[in-house]
2 protein chains.
Amino acid sequence: MNPKKDVTIYDIAKQLNISTSTVSRALQNHPAINKLTKKKVIATAKEIGYQYNTFAGNLRKKSTSIIGVMVHELNSNFITSVLAGIEKVTSEAGYDIIIAHSSESYTKESANALNLFHKRVDGLIASLAYDTKNLDHYLPFHQKGIPVVFFDRVEPSDKSTVVVIDNTKCGYQATKHLIEQGCKRIAHITGNLSRNVYAHRFQGYKKALTEHHLPFDKKLLIVNDLGEEAARNATLQLLRLPSLPDGIFITNDFTAAVVIQTLKENGIVVPDDIAIVGFNNDAISKLIEPKITTINYPGIEMGEIAARQLIANLKGEENVQLTNTIIIRSDLIIRESSLKKHTPLSIASNNNANKK
Amino acid sequence: MNPKKDVTIYDIAKQLNISTSTVSRALQNHPAINKLTKKKVIATAKEIGYQYNTFAGNLRKKSTSIIGVMVHELNSNFITSVLAGIEKVTSEAGYDIIIAHSSESYTKESANALNLFHKRVDGLIASLAYDTKNLDHYLPFHQKGIPVVFFDRVEPSDKSTVVVIDNTKCGYQATKHLIEQGCKRIAHITGNLSRNVYAHRFQGYKKALTEHHLPFDKKLLIVNDLGEEAARNATLQLLRLPSLPDGIFITNDFTAAVVIQTLKENGIVVPDDIAIVGFNNDAISKLIEPKITTINYPGIEMGEIAARQLIANLKGEENVQLTNTIIIRSDLIIRESSLKKHTPLSIASNNNANKK
DNA sequence: ATGAAAGCGCTAACAT
DNA sequence: ATGTTAGCGCTTTCAT
């Protein structure tokens, strides 16, 4: 298949009548090598079409300078920002990255993890799939001392650093904001509650209700796969309720967009009849009508921090036991979808009158 | 960094008192090996924690079973569908894939190409970046006989198969549809015209105008980077024109969504004042108001076909000279954004009255 | 059905 | 500043 024989450092060495070690060192810009020699080596390398053989190098060095990145999906602003952040930091540090995506499937995540392990990545940065419930597939990494950093979708682990946002706080903020807008019956549409992000947002939601003496009504909690159809069904389900909710906190903007559309199709006015808060600050949140109030959190920064943490681990600078959890800032962005006309924002947001 | 020594086939061989060749063959399920031996080898492999070393294998075999995939971006439905298609076909054929993305930058694309080359991928599937103007960075692949298949964003090449849609036809269809809706002044917002997809769509646009005896007005052609700000500026630029367009054909749905929003903010009614056709059938096209008429084309299929073509090349089954271009079907999806009230679709779409 | 032995291309400890 | 040398772990030809 590759008929032509590869050009190796032996060929360069022969041509220049020097040893392969000198060639190898020259190619790596080793300080002990004569500048002239380096020049000659590089020149002949180019001349005879030499190409570095990564396998031979990796086999010898027992390290790949590759960092694996496992993501649960690819098509969201958030993930592409995280990837950009990771790429920036890792490439500056001389690492390449390999991206694997699980498409939200535990099985695929597992297979990919094994695959990255066999590819001998030096480290791993991962976000878990929708239905991942254990971390067994990362055991080989731990056993071999390969550092793993989890971000966003995580499980508690004493073996790895996790980089997350404070989802409980976000859920709390989102819900509190709706309460301050005068909402009394706030629904929550979210994903699998065994996944940390959704579990914590739900906790925050409940906390806000409790603090403001609103009852938690389990009919107002809908857990689904967050797809388009599920979002429509969830909305219709809420609309069939004997008494409608007056606010919905939805765990991602895409789902929120579908919900808003379905509500409008059914003659419900957003935010007047039902106020909406989404999550993620995806591009779509600014493009639909009304624009969606949402939680923003910086993907780039999350990626950069995860990568920096991993590289620190790799260099042995950092003790995982010490920095086990890193929390990134996040904030509520208020737009039209949640602003009930009768409660001006400036008053509402500082209003603690509900508290005893 | 990886303190523990790796378990190798030598360890297995020693433990069982057989040779490494037997172990190697057993692990590969070679037919000449005794079933019992195989079982024992596999058992002890598991027992002592053996892990295959890809580098040693690749170094020896001079092939990696890895296919590189170069994409211009990651965050679109289209690309994720293509990836899914590629993944399906390649994994069935026993290949792994490595995804590299250029973020629409020629420089990054170039660097990534070299990188994949050094990683010794067995083949490459690529879509070009926004500003890629030559294919020099793929030369090493051609020289070494590594097959490359381009999809969607391509340049003409006699060395590779290209998999595309008929962009000229799509541009023509989109524009003709607007004309049939009664539009007389149709603007076109698009990307870099040296990129094939945009160039061809523009050709189709012009062809439709010419065929229907409408003049091409260069003030109605806006070329930009298709980002959010550019889309807004483009819209405002059109709105400043002494006589407004009554239709706009826009080269992607995200941009179209921003344009529609900006139009609405400026009191223009879509489609009544200005009808809109987008491109790609992204999720957003169904979620904004009005829903966007767009061109749909099947990413999954494109990915599958590109991958199948590459694998056929790899196996030497296929002669690139013979199948140089593969065209995938595509179609116009008509939604509200282009439907002028006074021209019912059923009549308009079969109407050739304009023709001499 | 199994084994011996060579070698894939590179690196690095050790020598000079 | 450069060379010698011994592998890294696997596959495979040739032999038995």
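When reading the values below, keep in mind they use all heavy atoms of this one structure, side chains included, and skip hydrogens, waters and symmetry mates. Quick caveat, the model's predicted, so the values are computed rather than measured. A, B, ... follow the sequence lines: proteins, then strands. Residue 1 opens every chain.
- Considering only side-chain N and O atoms, B:Ser24 lies nowhere under 4.0 angstrom from the phosphate OP1 or OP2 of D:dC10.
- Here the P atom of nucleotide D:dT11 and the CG atom of B:Leu27 are 8 Å apart, to the nearest Å.
- With respect to A:Glu47 and A:Lys40, no salt bridge is recorded, no charged nitrogen being found less than 4.0 Å from a carboxylate O.
- A straight line from CD of B:Gln28 to P of D:dT13 spans 11 Å, rounded to a whole angstrom.
- Protein atom CZ of B:Arg25 is 9 Å distant from nucleotide atom C1' of C:dA1, rounded to whole Å.
- Contact annotation: side chain of A:Tyr10 to base of C:dC10, donor-acceptor pair present below 3.5 Å.
- Judged by closest nucleotide on DNA chain C, B:Asn17 is the one of B:Asn17 and A:Gly57 placed further toward the 5' end.
- A donor-acceptor pair is defined here as one N or O able to donate and one able to accept, closer than 3.5 Å; such a pair exists between the side chain of B:Asp122 and the backbone of B:Ser65.
- For the OP1/OP2 pair of C:dT2 and a distance below 4.0 Å, the side-chain nitrogens and oxygens of B:Thr37 include at least one atom meeting the criterion.
- When heavy atoms are screened at a 4.0 angstrom cut-off, B:Asp11 is found touching no nucleic acid atom at all.
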A:Tyr106/A:Tyr130 under ring-ring contact (aromatic ring centres under 6.0 Å, His included): CA gap, chis, key distance, verdict: CA-CA 7 Å; A:Tyr106 169 69; A:Tyr130 187 80; over 10 Å; no

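- The base of D:dT4 lies close enough to the side chain of A:Ser21 for a donor and an acceptor atom to sit less than 3.5 Å apart.
- Side-chain N/O atoms of B:Lys62 include none lying less than 4.0 angstrom from OP1 or OP2 on C:dG7.
- Atom NZ of A:Lys14 and atom P of D:dG3 are 15 Å apart (whole Å).
- When all heavy atoms of A:Ala13 and A:Ser19 are compared, the closest pair comes out as CB-C, 3.9 Å.
- Rounded to an integer number of Å, the gap from CD1 of B:Ile33 to C1' of C:dA1 is 6 Å.
- With C:dT11, C:dG9, D:dG3 as the candidates, the nucleotide lying closest to the side chain of A:Thr22 is D:dG3.
- With B:Phe117 as the aromatic partner, B:Lys144 meets the cation-pi criteria of under 6.0 angstrom to the ring centre and within 45 degrees of the ring axis.
- Residue B:Phe55 contributes atom CZ, which lies 12 Å from atom C1' of D:dG9 at whole-angstrom precision.
- Side-chain N/O atoms of A:Tyr50 include one lying less than 4.0 angstrom from OP1 or OP2 on C:dC10.
- In this structure, A:His30 atom NE2 and D:dA1 atom C1' are separated by 9 Å, rounded to whole Å.
- Here D:dG9 is the nucleotide among D:dT11, D:dA6, D:dG9 with the atom lying nearest to any side-chain atom of B:Asn53.
- Between A:Arg60 atom CZ and C:dT11 atom P there is a gap of 9 Å when expressed in whole angstrom units.
- The shortest distance between the side-chain N/O atoms of A:Ser19 and the OP1/OP2 oxygens of D:dT4 is not below 4.0 Å.
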